[in-house]
Amino acid sequence: MTNAIEIRHLCKSFVTRRRTTRVLDDISLSVKAGELVTLVGASGCGKSTLLRIVAGLEVADSGAVLVGGRPIAGAGVDRAMVFQDYSLFPWLTVKQNVLFSRRLAANLHDNLALERGAEEERARKLIALVGLAAALDAYPSQLSGGMRQRVAIARALMSKPSIILMDEPFGALDAQTREVMQDLVLDVVAEEGTTILFVTHDVEEAVYLGSRVVLLSPHPGRIDTIYDVPLTRARSAAMRVEPEFVALKRSVMERVRETVGLSHDRSAVGA
Amino acid sequence: MPSPASSGRWTIRGAISRRQFALYAVLGVLSPLLVWTVLSQTGVVPAIFMPGPLDVVRRFWTWVVNEGFVGDLTISVQRVSLGFLASLTLALPLGLLAGTFKPAEAFLEPAMDFVRYMPAVAFVPLMMLWCGVGEPSKVAVIFIGTFFQMVLMFADDVRKVPMQQIEAAQTMGGTPREIVYKVIFPSAAPALLTTCRITLGWAWTYLVVAEMVAANSGLGYSVLKAQRFLQTDKIFAGLIVIGLLGLFQDQLLRGLHYVLFPYLRRQ
Ligand SMILES: Nc1ncnc2c1ncn2[C@@H]1O[C@H](COP(=O)(O)OP(=O)(O)O)[C@@H](O)[C@H]1O
Ligand SMILES: [Mg+2]
């Protein structure tokens with residue numbers, strides 16, 4: 001079976017007026033279909049950049065990203081993205097936001113459009129799935145931060161993407177809401193079978209959600225360690241206090257701290 | 001010690017009730033009116049410089065009945081509308097382009113930045129030379145006074161559309177064209193309308209200037225002619241009418257904003 005996402009020897013530098021900074025250095029990673037892989041690492045290590053390259057919002061200098069075995073060319077309906085905030089269309093209601101992709105020509109001829117009433121029905125189903133059935137006609141400004149992210153997830157699912165890319169989607173939420181949203185993501189994966197690449201700076205979130213946790217080290221961003229999470233897919237809140245979970249969380253956190261130290265050493269040598 | 005958080009109406013950024021707001025607003029309008037009445041009635045300022053409020057109202061009525069006020073009003077409104085609409089029609093697509101595409105920004109903005117610092121009034125002689133003393137020269141002055149600013153302000157409005165909205169649409173397969181029409185324009189629409197409201201105010205200013213310099217009809221012209229004949233009461237009436245028109249049009253556009261963008265209302 002081909003991998004849902006295959007990242008091969010990806011390199012990326014940003015050129016500013018002053019200098020060229022290598023942000024990603026030889027990143028290779030495969031994600032199986034239906035898998036949820038989380039990406040952690042110190043701030044500025046290139047997590048967002050990697051995700052944006054996979055989304056097609058940014059272009060790599062070298063290397064390739066294959067989705068369903070084929071190299072990507074720019075953004076596409078097969079890869080949806082969920083941002084931290086401000087991505088909903090404030091002039092549209094919840095339902096209109098979720099249905100927005102249907103207004104774009106790229107989605108006119110898929111199997112959803114062929115069936116009568118299928119789009120409307122799917123939008124309702126997704127909104128119910130994220131627990132917002134009562135807020136169909138509300139505007140984003142009337143919703144809490146957590147509810148807005150629920151809409152963003154439903155909207156991303158609408159055109160049945162094979163992959164959803166999430167960039168710290170719960171980073172702006174309070175701790176309680178964040179835990180509820182994490183379970184929602186797991187429900188979505190179970191229900192829709194979508195492959196998810198999930199960036200977070202919250203190690204607990206990464207361990208709770210991911211079947212694997214990928215740790216990037218900074219300056220330049222390299223894959224430092226890939227942790228297999230030895231937990232069943234059916235996660236529950238109780239799991240957060242299990243010794244295995246806590247132990248893994250602690251070792252990832254320690255390693256993140258070490259990678260930051262490493263980069264300082266390296267730059268000190270270079271200077 | 002009084003607690004600073006609860007010192008009532010004069011708390012920093014504190015709230016007051018609608019009634020209190022209305023009270024202060026009425027006071028704000030009435031007090032200059034009162035000062036005016038006192039100054040004119042007591043004769044401190046001679047009537048030739050400052051006629052009383054009643055004189056002005058009476059003079060306004062004469063203007064309406066005998067001196068073609070409605071004609072002056074109509075022609076002025078027409079000039080402003082033409083100049084403003086011409087400006088809007090051209091500035092909107094250019095502003096959208098300049099705020100969306102870097103090459104368009106580079107092509108348009110430095111040049112327009114330069115032109116906008118030339119006072120529109122200074123173009124009056126040139127416009128008279130090119131367009132004669134007829135209607136086109138007034139419309140042209142209004143156009144020049146608003147167009148360049150409008151393009152720059154529209155472009156700024158467009159640049160404030162959150163990148164996340166645009167990128168979300170890109171990952172849904174949106175083409176650049178679709179994103180401009182279905183994301184950038186609706187997202188920027190409230191700010192664009194506010195820009196219209198502000199520039200429409202300027203359009204009135206330029207109209208009055210143009211009418212004073214080169215016209216034989218309109219509100220601005222009437223005010224200037226009144227000065228020539230020392231009809232101070234008519235000058236007052238003209239100024240007040242122009243002010244009220246501005247206020248009216250401002251409220252109209254605020255109302256439009258409210259109706260068009262229900263999602264911005266505070267719940
Ligand atoms: N468009 C850009 N231009 C220049 N530098 C950038 C750009 N985007 C990101 N960077 C730099 O690349 C590095 C990685 O950024 P990012 O991928 O956002 O990190 P992370 O998401 O892990 O915090 C940072 O040092 C950031 O300053
Ligand atoms: Mg980031």
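Both backbone and side-chain heavy atoms feed into the values below; hydrogens, waters and symmetry mates do not. On a predicted model such as this, the values are computed, not experimentally measured, just so you know. Residue numbers begin at 1 in each chain, while the letters A, B, ... track the order of the sequences.
A donor-acceptor pair under 3.5 Å links the side-chain atoms of Asp61(A) to the main chain of Ser13(A), judged by distance alone. Judged purely by atom type and a 3.5 angstrom limit, Thr21(A) has no side-chain atom pairing as donor or acceptor with the backbone of Val23(A).
Taking non-hydrogen atoms and a 4.5 Å limit, the residue list of residues 81-97 of chain A in contact with chain B, ordered by number, reads Met81(A), Phe83(A), Asp85(A), Tyr86(A), Ser87(A), Leu88(A), Phe89(A), Pro90(A), Trp91(A). At a heavy-atom cut-off of under 4.5 Å, chain A is reached by Pro162(B), Gln164(B), Gln165(B), Glu167(B), Ala168(B), Ala169(B), Gln170(B), Thr171(B), Met172(B), Gly173(B), Gly174(B), Glu178(B), Lys182(B), Val183(B), Pro186(B), Ser187(B) from residues 162-189 of chain B, listed in order of number.
For the side-chain contact (heavy atoms from CB on, under 4.5 Å) test with Met158(A), the passing option among Leu99(A), Ile127(A), Val77(A), Asn107(A) is Leu99(A); the others fail.
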| task | Report the C-alpha separation of Val188(A) and Val185(A) in whole Å, then their side-chain angles, then the decisive distance to 0.1 Å, and conclude whether the side chain to side chain contact (heavy atoms under 4.5 Å, CB included) test is met. | result | CA-CA 5 Å; Val188(A) 164; Val185(A) 168; 5.6 Å; no
| said: Using side chain to side chain contact (heavy atoms under 4.5 Å, CB included), reason through Val209(B) and Val141(B) one step at a time and then give a plain yes or no. | reply: CA-CA 9 Å; Val209(B) 171; Val141(B) 169; 5.9 Å; no
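Look at Asp174(A) and Arg178(A) and you find no salt bridge, because none of the NZ, NE, NH1 or NH2 atoms lies under 4.0 Å from a carboxylate O. At a threshold of 4.0 Å, the pair Arg122(A)-Glu120(A) does not count as salt-bridged, since none of the basic side-chain nitrogens sits closer than that to a carboxylate oxygen. Salt-bridge formation is detected for the pair Glu135(B)/Arg79(B): a Lys NZ or Arg NE/NH1/NH2 atom is positioned less than 4.0 Å from an Asp or Glu carboxylate oxygen. Using a 4.0 Å cut-off between charged side-chain N and carboxylate O, Glu6(A) and Arg70(A) make no salt bridge.
Side-chain atoms of Thr200(A) and Glu168(A) form no donor-acceptor pair, as typed in the model, at a separation below 3.5 Å.
Both the backbone and the side chain of Ala105(A) have a heavy atom closer than 4.5 Å to some heavy atom of chain B. The contact between Ser101(A) and chain B is made by backbone and side chain atoms together, counting heavy-atom distances below 4.5 Å.
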